[in-house]
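Mind looking over this structure? Questions follow.
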Amino acid sequence: MDKHSGTITNHARLHIPDVVNASNADDPFKLFYGKTPSLFYFGRGALWHALKTMELSAADNIIVPAYHCGVEIETIVMTGIQLRYYAIQEDLAIDLNGLASLMDTGTKALLLIHYFGFPQPVEAIRDLCISRDIVLIEDCSHALFSCYQEKPLGTFGDVAIFSQRKTLPLPDGGALMVNNPLLVAPFPSGKPGEFMAIKKAFGMLARTTLHIETRTGLPPPLSNIVAILDRIIAKKAGIRYSAGHEVNLDRCTLAMSRTSTWLMNGTRAEQIIETRRNNYLWLAKSLQSSHCIKIIKEELPDGVCPLFFPIMTVGINRQELQDMLAAAGIDIFIFGKELHESLPTHLFPGATELSRRVVCLPIHQELSLSEMVYITDTVQRIVQELEHADHH
Ligand SMILES: Cc1ncc(COP(=O)(O)O)c(C=O)c1O
């Protein structure tokens with residue numbers, strides 16, 4: 001396949017059958033995790049409320065990973081608690097001794113990110129936290145429907161947060177699961193403007209159905225319709241909700257929209273897990289580490305529902321690879337491109353390398369085998385071209 005029609009997006013898109021199949025019948029959280037969490041507009045709102053369940057003071061500290069997206073760290077910074085960073089190695093591993101050495105009597109919590117859906121050694125870390133009386137916050141923003149030894153991630157920690165809008169094509173959605181009975185599960189206090197969610201869902205559907213690339217704007221008359229909707233929403237709700245890197249505390253109190261909840265309840269977890277796993281396994285089988293790219297996770301353990309297929313650019317320029325893939329219609333994602341400004345990067349070479357070199361290839365539930373073949377062929381071709389150009 002030389003050219004692919006349309007862009008292969010890095011996240012699953014919303015399709016009309018998703019809307020047709022949506023229902024209020026089954027909550028996938030209830031089905032998969034055995035309980036219904038508090039549903040928030042974004043994951044950051046869930047994290048903010050998780051921190052609010054603890055009585056934190058400015059003298060307390062929280063242990064956080066050096067490799068992150070920035071939003072979770074900024075949310076924590078806004079509580080006024082002190083940060084202590086722990087190292088993340090290039091293979092996403094954590095040094096448990098290093099972790100333990102950061103803990104003292106002021107340590108109240110530890111944030112553990114299951115990157116790209118892959119479980120961290122959550123049992124060992126939970127035991128360490130229990131022995132030091134520290135709250136374990138599992139960040140499952142990448143790990144919806146992922147398990148560790150047949151037990152869902154998010155059920156090990158005292159609390160867990162999710163950002164289900166990353167795995168599922170939803171206009172909004174975060175969640176907070178409280179597992180420790182000593183902590184009181186908080187609920188969002190604000191309702192989002194429902195028009196905004198409907199507009200976002202409409203935009204998502206229009207893009208998919210009309211094959212409009214995410215990078216380009218909508219053509220008229222759609223752009224006119226959207227402009228009118230924008231004005232109505234601004235009048236009704238008075239605000240816009242952005243999923244950018246800023247953390248706005250007013251927005252953190254918002255619940256997941258009813259539109260998004262309705263769409264989420266049409267989700268078939270088993271199908272999503274199976275397709276994501278098959279697509280991941282395809283790439284793991286077809287792409288090899290070389291002196292240009294390094295596969296971060298060659299193995300896909302049982303029970304993992306991966307968010308992406310992460311690779312590291314080694315001998316080639318990441319931006320060049322990203323641009324060439326975009327020109328071939330493949331939209332990649334970069335996680336942790338801008339690390340939080342409070343991180344002393346020179347002390348954390350692993351996280352800094354990940355931040356500079358990671359490329360997340362799409363493997364989501366919407367991609368067919370022929371699209372996966374196209375991704376493999378294109379990555380191989382471009383890597384060869386870049387390698388070749390490097391030699392001359
Ligand atoms: C690891 C991690 N935690 C938390 C968040 C926050 O999720 P949200 O964007 O839904 O607020 C994100 C993404 O932004 C993330 O990647």
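Small disclaimer: the values here were computed from a predicted structure and weren't measured. Atoms within each ligand, like the ligands themselves, are counted from 1 in listed order.
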Checklist entry - Which of the atoms in ligand 1, numbered in the order shown and given with their element, are less than 4.0 Å from a heavy-atom of H142? => result 1 (C), 16 (O)

Next on the checklist: Can a side-chain donor-acceptor contact be found between N61 and T107 if the only test is distance below 3.5 angstrom?
Outcome noted: yes

Checklist entry - Which atoms from ligand 1 have a heavy atom of F335 less than 4.0 Å away? => result 16 (O)

Next on the checklist: Does the plane of the ring in F145 sit parallel, tilted or perpendicular to the ring in Y33? Use 30° and 60° as the thresholds.
Outcome noted: parallel

Next on the checklist: Need the ligand 1 atom indices (1-based, order shown) with element for anything under 4.0 Å from a heavy-atom of C69.
Outcome noted: 12 (C), 13 (C), 14 (O), 15 (C), 16 (O)

Checklist entry - Could an N or O of ligand 1 be found under 3.5 Å from any N or O of G43, whether backbone or side chain? => result yes

Checklist entry - Run the ring pair (Phe, Tyr, Trp, His ring centres under 6.0 Å) check on F187 and H49 step by step: do they pass? => result CA-CA 8 Å; F187 289 94; H49 284 78; 9.7 Å; no

Next on the checklist: Closer than 4.0 Å to some heavy atom of R165 - which atoms of ligand 1 meet that?
Outcome noted: 8 (P), 9 (O), 10 (O)

Checklist entry - Yes or no on ring pair (Phe, Tyr, Trp, His ring centres under 6.0 Å) for Y280 and F308, after CA distance, side-chain angles and deciding distance? => result CA-CA 8 Å; Y280 192 99; F308 293 114; over 10 Å; no

Checklist entry - Taking atom types as modelled, is there a side-chain donor on T36 or D27 under 3.5 Å from an acceptor on the other? => result yes

Checklist outcome for this item: So the atoms of ligand 1 within less than 4.0 Å of a heavy atom of S163 turn out to be 7 (O), 8 (P), 10 (O)

Checklist entry - Looking just at side-chain N and O atoms, do H291 and E387 make a donor-acceptor pair shorter than 3.5 Å? => result yes

Checklist entry - Does H68 approach ligand 1 within less than 4.0 angstrom via side chain, backbone, both or neither, non-hydrogen atoms only? => result neither

Next on the checklist: Please compare R44, Q164, E74 and report which has the shortest non-hydrogen distance to atom 11 (O) of ligand 1.
Outcome noted: R44

